[in-house]
Amino acid sequence: MALANIEHHIRIDAPRARVWAVLTEPALVEQWLGCIGYRAEIGTIFYMQPDPARRAAGSIEGATHCELETLEAPRRMVFSWFLPGTPRTHVAIELTENHDGSTTAMLVHSGWDQFEPDAIRQIRDMLDGGWRSFVLPGLKRVAEAS
């Protein structure tokens, strides 16, 4: 049985235009995603570096590779997520403007059906927690800071 997509959402007390800026502007992306080399251009390869010291040094050792696949302003961003030599999974973040002026960010990390479930379950579950507990709250923190 294939592993389910990772799906999480968060309500952000900021207008969608502000959240989109935080989602896509290079200096802001680095604040919530912890990455190196992000540019808002389709095809850009960037690196999610969880180690702050390595990130500060610009080292991609141990980093996850990502490629920006889709930018549909101001509502949807998609990037691949992979380690060299492994199949790519895909992370989509969609922004919905709420009636009260807030924004809902929905994250879906898909592509787990390419892997043997028992071989990837621990990594998938770790990512599930990271998206929910670190990445989306970071997006919220940076977007609400202005």
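- Using a 4.5 Å heavy-atom threshold, the side chains of Arg132 and Asp128 count as touching.
- Nearest heavy-atom pair, Glu61 versus Gln49, reported as atom, atom and distance to 0.1 Å: O-NE2, 2.9 Å.
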#### Entry: Candidate pair Val108 and Ile6, rule side-chain contact (heavy atoms from CB on, under 4.5 Å), full reasoning
CA-CA 6 Å; Val108 177; Ile6 295 170; over 6 Å; no
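- Side-chain contact between Val135 and Trp32: present, with at least one pair of heavy atoms (C-beta onward) separated by less than 4.5 Å.
- Ring geometry for His109 versus Trp131: interplanar angle over 60°, hence perpendicular rather than tilted (30 to 60°).
- Two residues are said to be in side-chain contact when any heavy atoms from C-beta on lie closer than 4.5 Å; Asn98 and Thr104 meet this criterion.
- If you chain together hydrophobic residues whose side chains sit under 4.5 Å apart, Val91 and Leu71 fall into the same group.
- Between atom CD1 of residue Ile120 and atom CG of residue Asp125 there is a gap of 10.0 Å, rounded to the nearest 0.5 Å.
- Contact record, Thr24 with Trp20: OG1-O, 2.8 Å, taken as the closest heavy-atom pair.
- Interatomic distance, CZ of Arg76 versus CD of Glu69, reported as 9.5 Å (0.5 Å rounding).
- To the nearest 0.5 angstrom, Ile93 atom CD1 is 12.0 Å from Thr70 atom OG1.
- Listed here is the closest heavy atom pair of Cys35 and Glu30: O-CG, 3.5 Å.
- The backbone N or O of Leu95 lies less than 3.5 Å from no partner atom in the side chain of Thr103, so there is not a single donor-acceptor pair.
- No side-chain heavy atom of Val29 sits under 4.5 Å from any side-chain heavy atom of Leu23.
- Relative orientation of the His65 and Tyr47 rings is perpendicular, given thresholds of 30° and 60° on the angle between their planes.
- Thr86 places no side-chain N or O within 3.5 Å of a backbone atom of Phe82 that could act as its donor or acceptor partner.
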### Message
Pair Ile36, Met48 - check side-chain contact (heavy atoms from CB on, under 4.5 Å), show working.
### Response
CA-CA 6 Å; Ile36 300 169; Met48 290 179 64; over 6 Å; no
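- Annotation: the span from Arg124 atom CZ to Thr89 atom OG1 amounts to 11.0 Å, rounded to 0.5 Å.
- Side chains of Ile60 and Arg54 form no contact here, defined as non-hydrogen atoms less than 4.5 Å apart.
- Both Phe134 and Leu127 belong to a single network of hydrophobic side chains, linked directly or stepwise wherever heavy atoms of I, L, V, M, F, W or Y lie under 4.5 Å apart.
- Taking CZ from Arg55 and CG from Leu33, the interatomic distance works out to 9.0 Å, rounded to the nearest 0.5 Å.
- Ile42 and Phe46 fall within the same hydrophobic cluster, defined by Ile, Leu, Val, Met, Phe, Trp and Tyr side-chain heavy atoms under 4.5 Å apart, directly or through other members.
- No side-chain donor-acceptor contact under 3.5 Å links Glu25 to the backbone of Val22.
- Considering only heavy atoms from C-beta on, Thr44 stays 4.5 Å or farther from Phe79 through its side chain.
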### Message
Could you walk me through whether Ser80 and Arg88 satisfy the side-chain hydrogen bond (donor to acceptor under 3.5 Å, both in side chains) test, starting with their C-alpha distance in whole Å, then the side-chain angles of each, then the deciding distance to 0.1 Å, before giving a yes or no?
### Response
CA-CA 6 Å; Ser80 62; Arg88 293 178 182 221; 3.2 Å; yes
### Query
Between Arg121 and Leu3, does a side-chain contact (heavy atoms from CB on, under 4.5 Å) hold up when you go through it step by step?
CA-CA 7 Å; Arg121 185 179 319 277; Leu3 296 174; 3.0 Å; yes
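- Smallest separation of non-hydrogen atoms from Asn5 and Trp112: CA-CD1, 4.1 Å.
- Nearest heavy atoms, Gly43 versus Glu67: CA-OE2, 3.6 Å.
- Using a 4.5 Å cut-off on side-chain heavy atoms (C-beta onward), His9 and Thr96 make no contact.
- Linking ILVMFWY residues whenever their side-chain heavy atoms come closer than 4.5 Å, directly or via other members, leaves Ile45 and Leu68 in distinct clusters.
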### Message
If you apply the rule side-chain contact (heavy atoms from CB on, under 4.5 Å), what do you find for Val19 with Arg75, and how did you get there?
### Response
CA-CA 9 Å; Val19 180; Arg75 63 173 205 88; over 6 Å; no
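- Residues Tyr38 and Met77 approach most closely at OH-CE, 3.5 Å, considering heavy atoms.
- For Asp13, the salt bridge (charged side-chain N to carboxylate O under 4.0 Å, His left out) partners two or more places apart in sequence, or in a different chain, are Arg11.
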